[in-house]
Amino acid sequence: MISSISSVQFLVPDDLSMPYPRICAHRGFNTVAPENSLAAFGAAIGMGAAEIEFDVRFTRDGIPVVAHDSKLERVSNGSGMIEDKTLAELYEYDFGSRFSERFAHTKIALFEEVLSKFSQHAVFNLHLKNPGEGLDSLHYYSRKSMEQIVDLLYKYDQHKHVYFMGAYSVMKCALEVAPEISRCMGAYPEPWKIIDMAIEYKCQKAQIFLPYINQEMIDKAHANNIKCNLFYCDDPAKVREYLDMGIDTILTNDYWSIARAMAEK
């Protein structure tokens, strides 16, 4: 009974109901725990983050896992491409020691693990990564992959507490497969045209990528009922400036310092 009560206390409003402005913990609270780890997500949510952002890729055997890079070297003791490895092979690697020895033996997180632990505990800014690397990789996103992601969101009742973020191919696929789930236009490959692309793919949000920002973009977005995310701000002194411009959600790597700055604002 105690654990059940504790879980209920963490439930938050869904994406449409949650007020703005917001702070989104980029890859979790990744200044205190390894990025894109269950520990980083738990730290952010435990500190009160309304949103968490994380990245999803697929293994060679078709399992969605949480990782930003297509290559393993920066965040683990492995090498090679995630999409070339099976889940069993990825489980052989340590995804914590490069951050700190205190997190040694941390395993790569499954997307389904994140859902099972944190469903409705935060809004998910879900960055669906295209397979491969470089700009050429942005042209295609698998319908099968999208359907698998959508099925898991519904399985864990998270479909109203999420929005898809990604390249135009992700937005196109999401619009075809699950138009009822919110979409957030990513900046690449043309960051100055992000608002026009958001309008084209009927997105509810756009994630503006510094330094590609001006007031005209934000005003045009709002005129078309599009909320504006900012990627990213770790400087508390800049929070007021971005909020005054009309930014709706600030992504940050350092959740607590930006949360305090927003509270002061």
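Computed from a predicted model, the values in this text were never measured in an experiment. Residue numbers run from 1 in the order of the sequence given.
Looking at heavy atoms from C-beta onward, Arg74 lies out of side-chain contact with Arg98 at the 4.5 angstrom threshold. Two residues are said to be in side-chain contact when any heavy atoms from C-beta on lie closer than 4.5 Å; Val65 and Val56 fail this criterion. The side-chain heavy atoms of Leu87 and Asp61, taken from C-beta on, include a pair separated by under 4.5 Å. Counting heavy atoms from C-beta outward, Met18 and Val12 have side chains that approach closer than 4.5 Å. Arg143 places a side-chain heavy atom less than 4.5 Å from the side chain of Val177. Thr249 is not listed as a side-chain neighbour of Cys228, based on a closest heavy-atom distance of 4.5 Å or more.
In this structure, Lys205 is positioned above the aromatic face of Tyr163, its NZ or CZ under 6.0 Å from the six-membered ring centre and within 45° of the axis. Cation-pi geometry between Lys227 and Tyr20 is satisfied (NZ or CZ under 6.0 Å from the ring centre, within 45° of the ring normal).
Each of Met197, Arg183, Met165 was checked for a side chain to side chain contact (heavy atoms under 4.5 Å, CB included) with Cys203, and the lone residue meeting it is Arg183. Just one residue in the list Phe231, Trp192, Tyr232 forms a ring pair (Phe, Tyr, Trp, His ring centres under 6.0 Å) with Phe209, and that residue is Phe231.
Closest of all the heavy-atom pairs between Ile208 and Ile218 is CD1-CG1, 4.0 Å. When all heavy atoms of Ala49 and Ala122 are compared, the pair lying nearest together is O-CB, 4.2 Å. Residues His68 and Asn36 share a closest heavy-atom pair of N-ND2, 3.5 Å. What you find for Val239 and Ala261 is that their closest heavy atoms are CG2-CB, 3.9 Å.
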Note to self: Using the rule given for salt bridge (charged side-chain N to carboxylate O under 4.0 Å, His left out), can you reason through Arg260 versus Glu264, listing the C-alpha separation, both sets of side-chain angles and the distance that settles it, and then say yes or no?
What the structure shows: CA-CA 6 Å; Arg260 286 184 296 174; Glu264 292 171 3; over 6 Å; no
Margin query: Between Gln207 and Asn229, is the side chain to side chain donor-acceptor pair (under 3.5 Å) condition met? List the steps.
Written below: CA-CA 4 Å; Gln207 192 152 295; Asn229 288 5; 3.0 Å; yes
Item checked: Test side chain to side chain contact (heavy atoms under 4.5 Å, CB included) applied to Lys71 and Ile82, step by step -> CA-CA 6 Å; Lys71 292 183 177 180; Ile82 284 178; over 6 Å; no
Note to self: One pair to check against side chain to side chain contact (heavy atoms under 4.5 Å, CB included): Ile149 and Phe164. What are the steps and the verdict?
What the structure shows: CA-CA 10 Å; Ile149 293 293; Phe164 297 132; 3.8 Å; yes
Next item on the list: Kindly determine whether Phe41 and Val66 satisfy side chain to side chain contact (heavy atoms under 4.5 Å, CB included), including the steps that lead there.
Entry: CA-CA 11 Å; Phe41 303 146; Val66 181; 4.0 Å; yes
Check: Between Phe58 and Glu83, does a side chain to side chain contact (heavy atoms under 4.5 Å, CB included) hold up when you go through it step by step?
Finding: CA-CA 6 Å; Phe58 280 78; Glu83 63 202 56; over 6 Å; no
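Side chain of His159 to main chain of Asp157: no donor-acceptor pair is present (N/O by atom type, distance under 3.5 Å, no hydrogens or angles). Although no hydrogens or angles enter the test, the distance criterion places no donor-acceptor pair under 3.5 Å between the side chain of Ser17 and the main chain of Pro13. Although no hydrogens or angles enter the test, the distance criterion places no donor-acceptor pair under 3.5 Å between the side chain of Asp84 and the main chain of Gly80. A distance-only check finds a donor-acceptor pair linking the side chain of Thr252 to the backbone of Cys233 [under 3.5 Å]. The main-chain N or O of Pro34 is found under 3.5 Å from a side-chain atom of Ser37 such that the two form a donor-acceptor pair. Not one N or O on the side chain of Arg27 forms a donor-acceptor pair closer than 3.5 Å with the backbone of Asn253. Side chain of Asn214 to backbone of Met217: a donor-acceptor contact under 3.5 angstrom is found. With hydrogens and angles ignored, the 3.5 Å screen pairs no side-chain donor or acceptor of Arg240 with any backbone N or O of Pro236. Judged purely by atom type and a 3.5 angstrom limit, Glu92 has no side-chain atom pairing as donor or acceptor with the backbone of Glu89. The closest donor-acceptor contact from the side chain of Thr59 to the backbone of Ile63 lies under 3.5 Å.
Within a 6.0 Å sphere centred on CD of Gln215, heavy atoms belonging to other residues, nucleotides or ligands number more than 12.
At a cut-off of 3.5 Å, with distance as the only test, a side-chain donor of Asn130 or Ser169 sits close to an acceptor on the other residue. Side-chain N/O atoms of Asp94 and His105 include no donor and acceptor closer than 3.5 Å. There is a side-chain donor-acceptor pair under 3.5 Å between Asp248 and His222. Glu112 and Tyr156 are linked by a side-chain donor-acceptor pair at a separation below 3.5 angstrom, with hydrogens and angles left out of the test. For Asp14 and His161, the side-chain atoms include no donor-acceptor pair closer than 3.5 Å.
Under the 4.5 Å side-chain contact rule for hydrophobic residues, Tyr141 and Leu152 share a cluster. By the rule that hydrophobic residues join a cluster once side-chain heavy atoms approach within less than 4.5 Å of another member, Met47 and Val114 end up as members of one cluster. Residue Tyr212 is grouped with residue Ile226 when hydrophobic side chains (ILVMFWY) are merged at heavy-atom distances under 4.5 angstrom, including chains of intermediate members. Note: the hydrophobic cluster containing Phe118 also contains Leu115 (ILVMFWY, side chain heavy atoms under 4.5 Å, direct or indirect links). By the rule that hydrophobic residues join a cluster once side-chain heavy atoms approach within less than 4.5 Å of another member, Phe103 and Leu38 end up as members of separate clusters.
Note on Asp69 versus Arg57: no salt bridge recorded, every NZ/NE/NH1/NH2 to OD/OE distance being 4.0 Å or above. Between Lys144 and Glu147 there is no salt bridge, since no side-chain N of the basic residue sits under 4.0 Å from a carboxylate O of the acidic one. Residues Glu113 and Lys117 are not paired through a salt bridge, judged by the lack of any N-O separation under 4.0 Å between the basic side chain and the carboxylate.
Between His139 and Tyr168, the ring planes lie tilted relative to each other; the angle falls in the 30° to 60° range.
To the nearest 0.5 Å, atoms CE (Met81) and NZ (Lys85) are separated by 11.0 Å.
By the side-chain hydrogen bond (donor to acceptor under 3.5 Å, both in side chains) test, Lys107 pairs with no residue at all, sequence neighbours left out.
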